Structure formats: C-alpha cells, structure tokens
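Taking it in order: structure first as structure tokens, then the write-up.
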There are 2 protein chains.
Amino acid sequence: MTKVNTPQDSAIEYVCGVSVTLELIGGKWKGVILWHLCHKTLRFSQLKRRLPRVTQKMLTQQLRELEKDGLINRKVYPEVPPKVEYSLTELGRTLQPMLDGMCKWGMNYYENDSEQEISD
Amino acid sequence: MTKVNTPQDSAIEYVCGVSVTLELIGGKWKGVILWHLCHKTLRFSQLKRRLPRVTQKMLTQQLRELEKDGLINRKVYPEVPPKVEYSLTELGRTLQPMLDGMCKWGMNYYENDSEQEISD
DNA sequence: CTGTATCCCATTAGATACTG
DNA sequence: CAGTATCTAATGGGATACAG
C-alpha cells in the first residue's frame with residue numbers, strides 16, 4: 001500500500017498492490033487463460049477448446065485486455081487462413097509462482113469442499 | 001486442473017484451481033478486504049474507513065460472501081451500539097502468502113507503469 | 001481461422017432512505 | 001454502529017450475423 005495523491009480531489013489515496021494485481025488477472029477468464037499460456041503458447045482456437053464455456057466475444061475481449069496490460073503477446077502470422085498465437089510476455093511469466101499457488105490452493109479448496117458436501 | 005463429471009450433460013469438465021481461487025478472492029473488493037484483515041482484526045467501520053470508495057452496501061455484500069466461503073469470521077458483540085468484528089479464519093490465513101505475493105507484484109507493476117507514463 | 005458489430009436481457013452497483 | 005430495502009443507471013455478457 002503506498003500513498004498517492006489523486007489530482008481530482010487532492011485527497012490522499014492509498015493504492016493496494018493486491019487490488020492492482022486483481023484488476024489485471026481477476027477478470028472472468030483471465031486467470032485460466034494465463035494458466036494455460038503458462039504451460040504452452042496457444043492459438044486462439046486451441047485456447048477456445050480449453051475453455052468450453054467462454055464465448056468468442058469474451059475470449060477476444062479478455063485477450064485484448066491482457067495484451068494491453070503487457071501480460072501476453074499476440075503474434076499474427078500473415079497466412080490464409082489466419083493464425084494467431086498467444087504467449088506470455090516476460091512480465092506475464094513473473095506471474096507464474098502466483099498462478100501456481102492459486103492453482104494449488106484452489107484445487108485443495110475445491111476437493112475439501114466436495115468432501116463436505118451433503119448428498120441429497 | 002482435475003477432471004470432473006458434470007451431472008447435467010455427463011460431459012467431461014475440467015476444474016482449474018486458479019479459477020476456483022479467483023472466484024473466491026477476485027470480487028471487486030475482496031482482495032483488499034482480505035489484505036487488511038491479514039494484518040488486523042477490524043470492525044465494520046474501520047474497514048470502511050480503509051476503503052474510502054466502497055459503498056456500505058458493497059462492503060456488506062462482499063463480507064457476507066467471504067464469510068459464506070469460510071475465509072473470514074464475523075463476530076457480533078451484543079452491545080448497544082452494535083459492534084461487529086471481522087477476522088480471517090484459519091483457512092483465510094492460508095491465503096496470506098498469495099496475498100503478499102500479489103501485493104508485491106502489484107506494487108511493482110504500479111510503480112513501473114507510473115514511470116513509463118507519458119505526461120501530457 | 002480469427003475476429004468485429006449489433007441487439008438485448010440479466011446482473012451489478014450506486015444513491016438514498018430507513019431500522020434495531 | 002452496522003446494517004437492510006428499494007429504486008435506478010450502468011455494465012456485462014450471451015446469441016447471432018457478418019467479414020478479412
């Protein structure tokens with residue numbers, strides 16, 4: 001958390017790193033996208049196949065934002081039919097430890113939660 | 001990522017731990033709330049003061065969800081005026097390494113981003 | 001294959017007023 | 001103090017059609 005002066009109201013504002021990070025990777029599909037790209041560079045269609053529930057619109061949108069924020073690279077091959085590959089940038093790679101941690105923590109939560117569920 | 005059989009369509013589905021985690025802590029204010037509670041048990045009003053932009057409604061809502069998911073405790077003191085304290089559960093505490101990582105990463109991103117900004 | 005554009009409904013979140 | 005209730009504006013996201 002660091003102090004910041006907002007020009008609008010000249011009030012002292014604090015920026016929390018956690019919020020900054022979550023704004024970048026907390027989008028509906030961004031976490032999974034990054035997680036997949038952690039392991040392998042993927043084409044649009046490959047990514048789509050790995051995320052069965054995402055619509056084309058949403059996938060495109062999330063990818064554009066991740067690109068804008070400098071976390072992923074978008075490489076277009078000038079071919080017909082088009083081929084576009086997405087990969088992590090160097091900055092994106094620095095997220096890997098956190099993504100791994102989130103993956104483990106989440107799976108653990110998910111499994112314990114399932115055990116405790118009452119079957120009806 | 002683990003295989004899961006969804007009863008609805010009997011199709012094979014994969015659950016990504018990253019998504020599970022982000023669904024729990026990715027809410028608009030959840031990250032910061034958890035981060036504050038990492039350091040100190042806080043009353044509703046104290047939390048609110050630390051999050052100047054959050055509305056009362058949103059704060060209440062996010063706290064309820066965090067409670068439901070087992071990440072925070074809500075302790076009501078039977079006093080007048082009311083006093084309610086929020087703290088991390090044992091499970092919530094296990095998030096701390098991740099939150100610390102996110103805090104550091106986010107601050108680093110924020111600072112480098114500010115440097116690169118073009119003043120106009 | 002990898003998108004963009006449009007329409008539209010559902011959900012979200014702010015503002016405001018009220019309460020034990 | 002710590003909420004709940006209600007109304008409303010804004011946003012989000014699905015479905016669909018079309019395009020380079």
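Values below: every heavy atom of this structure, side chains too, minus hydrogens, waters and symmetry copies. Remember, it's a predicted structure, so these values are computed and weren't measured experimentally.
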**Study point:** Nearest atoms (heavy-atom pairs only) where A/L99 meets A/C38
**Key:**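 The answer is CD1-SG, 3.8 Å.
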
Output all residues satisfying side-chain hydrogen bond (donor to acceptor under 3.5 Å, both in side chains) with [X], sequence neighbours left out; order by chain, then residue number.
X: A/W105; value: B/T94
X: A/Q56; value: none
X: A/Q61; value: none

Practice item. Please collect all salt bridge (charged side-chain N to carboxylate O under 4.0 Å, His left out) contacts where either partner lies in residues 25-40 of chain A, sequence neighbours excluded, each pair once. Key: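 For residues 25-40 of chain A: A/K30-A/E65.
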
Review point. Do any pairs count as a salt bridge (charged side-chain N to carboxylate O under 4.0 Å, His left out) and have a residue in residues 90-104 of chain A, sequence neighbours left out, and if so which ones?
Key: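 Those involving residues 90-104 of chain A do not exist here.
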
Review point. Is the distance from OP1 or OP2 of D/dA2 to the nearest side-chain N or O of B/R43 less than 4.0 Å?
Key: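 Checking B/R43 against D/dA2: at least one side-chain N or O falls below 4.0 Å of OP1 or OP2.
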
Exercise for review: Would you please confirm or rule out a distance under 4.0 Å between OP1 or OP2 of D/dG13 and any side-chain N or O of A/T55?
Suggested key: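 For A/T55, the contact criterion (side-chain N or O under 4.0 Å from OP1 or OP2 of D/dG13) is not met.
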
Side chains of [X] and [Y] in contact at under 4.5 Å (non-hydrogen atoms):
X: A/T21; Y: A/M98; result: yes
X: B/F44; Y: B/T60; result: yes
X: A/Q62; Y: A/V54; result: no
X: A/V18; Y: B/L34; result: no
X: A/L71; Y: A/I25; result: yes

Practice item. Could you tell me, to 10°, how much the axis swings from one end of the helix from C/dC1-D/dG20 to C/dG20-D/dC1 to the other, five pairs per end? Key: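 Inter-axis angle at the ends, rounded: 60°.
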
Review point. If each of A/Q46 and B/K57 is mapped to the nucleotide of DNA chain C with the nearest heavy atom, which maps nearer the 5' terminus, i.e. the 5' end?
Key: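 It is A/Q46 whose nearest nucleotide is closer to the 5' end.
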
Rounded to whole angstrom units, what separation is found between the [atom1] atom of [X] and the [atom2] atom of [N]?
X: A/L51; N: D/dG13; atom1: CG; atom2: P; answer: 14 Å
X: B/Y86; N: D/dA2; atom1: OH; atom2: P; answer: 8 Å
X: A/W29; N: D/dG13; atom1: CH2; atom2: P; answer: 10 Å

Review point. Which two nucleotides bound the region of DNA chain C that has atoms under 4.0 Å from heavy atoms of chain B, read 5' to 3'?
Key: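 Extent of the interface on DNA chain C: C/dA13 to C/dG20.
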
Check your understanding: Just by distance, do the side chain of A/S19 and the backbone of B/V32 share a donor-acceptor pair under 3.5 Å?
Key ->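 Between the backbone of B/V32 and the side chain of A/S19 there is no qualifying donor-acceptor contact (under 3.5 Å).
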
Distance-only check: which donor-acceptor pairs under 3.5 Å involve side-chain atoms of residues 72-79 of chain A, not counting sequence neighbours?
from: A/R74; atom 1: NE; to: A/Y86; atom 2: OH; distance (Å): 3.3
from: A/Y77; atom 1: OH; to: A/E85; atom 2: OE1; distance (Å): 3.0

Check your understanding: When you measure from every atom of DNA chain C, which of residues 58-71 of chain A have a heavy atom less than 4.0 Å away?
Key ->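 Contacting residues: A/T60, A/R64.
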
Contacts under 3.5 Å, N or O only, protein and nucleotides 18-20 of chain D:
none

